[in-house]
Amino acid sequence: MSIALVILAAGKGTRMDSDLPKVLHKIGGAPLLHHAMLSASALEPDRTVVVTGHGADLVEAAALDFDADVIAVRQPEQLGTAHAVAQARDALAGHEGDVIVLYGDTPFITTETLEAMIAARAAHDVVVLGFNAADPGRYGRLITDGDTLSRIVEYKDASDEERAVTLCNSGVICADSATLLDLIDAVGNNNASQEFYLTDIVGIARDRGLSATAVTCDEAETIGINSRVELAAAEATFQSRARIALMESGVQMQAPDTVFLSYDTIIGRDAEIEPNVIFAPGVTVESGARIRAFSHLEGAHVSRGATVGPFARLRPGAELAEHVHIGNFVEIKNASIDEGAKVNHLTYIGDASVGARSNIGAGTITCNYDGVMKHKTTIGRDTFIGSNTMLVAPVTVGDEAMTATATVVTKDVPDGAMAIGRTPQDNKQGFARKLFAMLRAKKAKQAKG
Ligand code: UD1
Ligand code: CA
């Protein structure tokens with residue numbers, strides 16, 4: 001059956017106290033909105049509609065960034081969740097099948113849970129996702145009668161008896177598209193908040209002789225983010241799950257609590273991650289690679305058997321081939337390092353390529369930026385770059401070539417050549433001893449006077 005998603009993301013998120021729309025705050029390096037869209041995308045929806053309002057331009061851009069086929073619609077005034085879904089009416093035109101309504105600020109609903117809701121639709125017209133709350137607080141309450149759901153009552157409108165119910169509304173609802181839009185037409189705003197409540201469709205459906213039921217999931221899935229404290233707690237939940245998933249797939253971590261992952265981090269079996277490593281988005285680490293302590297990786301690919309760190313930084317476009325060694329205080333950006341090459345100490349390699357088995361000496365810098373434009377450095381295979389070489393890009397050093405220590409390379413170095421560009425050394429006999437004596441005498445005189 002074909003599925004459409006409607007994701008509600010028009011709310012302001014007042015309690016975040018932020019200029020950024022709530023759904024764009026991040027967990028695991030990705031906006032809350034992406035997390036909400038991610039598990040639902042596994043259902044291969046026919047279309048996805050995102051309802052925006054506060055910060056609409058930014059939210060729309062983020063939605064399109066996740067999926068270029070998203071249909072963004074605007075809710076000019078936030079008159080309630082039913083009113084928000086109503087904005088998707090035109091975008092849903094012609095869709096025959098079910099609609100699942102999700103919230104953009106609820107990042108952890110799993111694909112399995114959504115599948116269970118779709119399965120429950122076989123026997124019921126409206127399916128609501130509920131959970132048994134440890135502390136039901138101000139959630140809407142699900143009023144049930146055996147297997148069937150009679151209605152949903154919002155906390156503000158509930159009687160004491162209804163407030164005592166612990167089965168709560170997550171907000172996720174599934175119904176046939178035409179049925180859903182029909183029911184929404186009948187929703188009014190005669191309630192404590194004077195809002196058009198999506199939750200009212202359950203009671204209306206029952207009055208019309210349609211059936212409704214609740215599917216339940218773990219409370220941990222239904223967490224919505226309303227404040228920065230909740231955002232941090234959700235981040236912790238995300239990190240804990242991501243670490244466990246990696247360890248269960250064969251990744252070694254000595255101190256998993258100190259390793260921070262992104263939503264898209266990929267790490268192969270038998271890779272070893274030492275303590276205090278941060279994986280920003282876009283990182284792939286292959287099997288058997290080793291990421292040593294206090295390294296920071298972003299947008300980088302580390303191949304089999306390579307070693308990175310301790311204290312290394314891989315920036316976007318760092319492409320390390322098999323058995324490459326990147327050592328301490330080395331930064332690699334937009335550069336490919338070929339098989340077996342070594343960049344072991346205190347070096348910046350940016351906008352460059354380094355050939356197989358080449359060795360880059362300590363303190364080497366690719367001077368890639370002239371203040372206006374970036375330029376490329378090309379280093380061949382089996383080449384030796386002496387310590388403290390400055391490579392003034394654009395420049396090429398050939399295969400089996402060499403640069404002498406402290407050379408400032410401003411011209412291309414041919415294959416097999418050695419570049420040496422530094423002031424010749426001159427040893428002045430006895431000069432150091434004389435100078436020390438003079439300076440010590442001066443200091444002694446100052447101490448007296
Ligand atoms: C809603 C449910 C409540 C449920 C709770 C779960 C209703 C009436 N109530 O309450 O039963 O227990 O979620 O968290 O649905 N939104 C819009 N436009 C609007 C209003 C809301 O897009 O006009 C979006 C918000 O951005 C948010 C979501 O809908 O993503 C939920 O809105 P919110 O105001 O947080 O609903 P709650 O009062 O928490
Ligand atoms: Ca809420």
Side-chain angles (χ1 to χ4, degrees), residues 5-16 18 20-25 31-33 35-37 40 49-56 58-60 62-63 72-88 91 100-109 126 128-133 135-143 149 151-158 162-163 165-173 180 183-184 187-204 212 214 216-217 219-227 230-231 234:
L5 306 174
V6 174
I7 299 178
L8 306 189
K12 186 166 185 207
T14 310
R15 282 199 280 150
M16 294 299 279
S18 174
L20 194 67
K22 175 162 81 172
V23 296
L24 299 189
H25 284 266
L32 293 174
L33 181 64
H35 288 271
M37 294 172 83
V49 185
V50 176
V51 182
T52 66
H54 281 280
L58 291 174
V59 177
E60 282 178 11
V73 299
R74 296 210 179 179
Q75 184 192 24
E77 263 186 298
Q78 281 65 62
L79 302 179
T81 44
H83 180 257
V85 176
Q87 310 310 306
I100 299 179
V101 179
L102 296 160
Y103 294 170
D105 63 356
T106 306
F108 295 137
I109 310 269
V126 177
V128 172
L129 181 63
F131 61 101
N132 281 295
D135 169 16
R138 300 180 70 83
Y139 286 115
R141 304 297 205 268
L142 301 188
I143 310 302
L149 181 60
R151 60 198 192 91
I152 305 177
V153 55
E154 287 305 295
Y155 177 83
K156 279 188 188 170
D157 303 292
E162 288 164 335
R163 287 181 181 179
V165 170
T166 56
L167 183 61
C168 292
N169 176 29
S170 70
V172 186
I173 286 187
L180 175 71
L183 292 170
I184 278 179
V187 171
N189 66 348
N190 181 19
N191 53 52
S193 312
Q194 299 196 314
E195 280 185 12
F196 295 87
Y197 292 160
L198 178 59
T199 46
D200 280 355
I201 67 166
V202 173
I204 297 168
T216 55
C217 69
E219 187 172 1
E221 282 188 42
T222 66
I223 294 169
I225 313 299
N226 297 299
S227 67
E230 288 172 5
L231 184 70

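Remember, it's 1-based here, ligands and their atoms both numbered in the order they're listed.
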So if I count the atoms of ligand 1 from 1 in the order they appear, which ones are less than 4.0 Å from some heavy atom of [X]?
X: L79; value: 23 (O)
X: Y197; value: 8 (C)
X: A84; value: 17 (C), 18 (N), 22 (O)
X: A9; value: 22 (O)

Between I152, N169, I173, L129, flag the one that comes closest to atom 12 (O) of ligand 1 by a heavy atom.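 Nearest option to atom 12 (O) of ligand 1, by heavy atoms: N169.
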Calculate, to the nearest 0.5 Å, the distance between atoms CD and OH belonging to E219 and Y139 respectively.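 It comes to 6.0 Å.
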Rounded to the nearest 0.5 Å, how far apart are CD of E154 and CG of D200?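 Those atoms lie 8.0 Å apart.
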Of Q75, K12, Q78, which meets side-chain hydrogen bond (donor to acceptor under 3.5 Å, both in side chains) against H54?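 Testing each of Q75, K12, Q78 against H54, the sole residue satisfying side-chain hydrogen bond (donor to acceptor under 3.5 Å, both in side chains) is Q78.
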Quick check on H83 - does any of its heavy atoms sit under 4.0 Å from an atom of ligand 1?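 H83 does not count as a contact of ligand 1 under the 4.0 Å cut-off.
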Look at ligand 1 and say whether T199 reaches it with a heavy atom at a distance under 4.0 Å.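 True for this residue.
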Residue-level breakdown please: for [X] versus ligand 1, do any non-hydrogen atoms fall below 4.0 Å on the side chain, on the backbone, on both, or on neither?
X: E154; answer: side chain
X: S170; answer: backbone
X: R138; answer: neither

Quick check: does [X] get an N/O under 3.5 Å from an N/O on ligand 1?
X: G140; result: yes
X: T81; result: yes
X: G80; result: yes
X: A10; result: yes
X: N226; result: no
X: L8; result: yes

In this structure, which one of L167, V165, T199 forms a side-chain contact (heavy atoms from CB on, under 4.5 Å) with L142?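 Going through L167, V165, T199 one by one, the side-chain contact (heavy atoms from CB on, under 4.5 Å) with L142 is satisfied by L167 alone.
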Side chain to side chain contact (heavy atoms under 4.5 Å, CB included) partners for F196, two or more places apart: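 Expected list: L79, A82, H83, V187, N189.
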Both conditions, 6.0 Å and 45 degrees, for the charged tip of R163 above the ring of Y155: are they met here?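 Yes, R163 and Y155 form such a contact.
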[X] (side chain) donor-acceptor with [Y] (main chain) under 3.5 angstrom:
X: T81; Y: L198; value: yes
X: E230; Y: N226; value: yes
X: D157; Y: A192; value: yes

Is the closest basic N to carboxylate O distance between R74 and E60 below 4.0 Å?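 Looking at E60 together with R74, the answer is yes, because their closest N to O distance falls below 4.0 Å.
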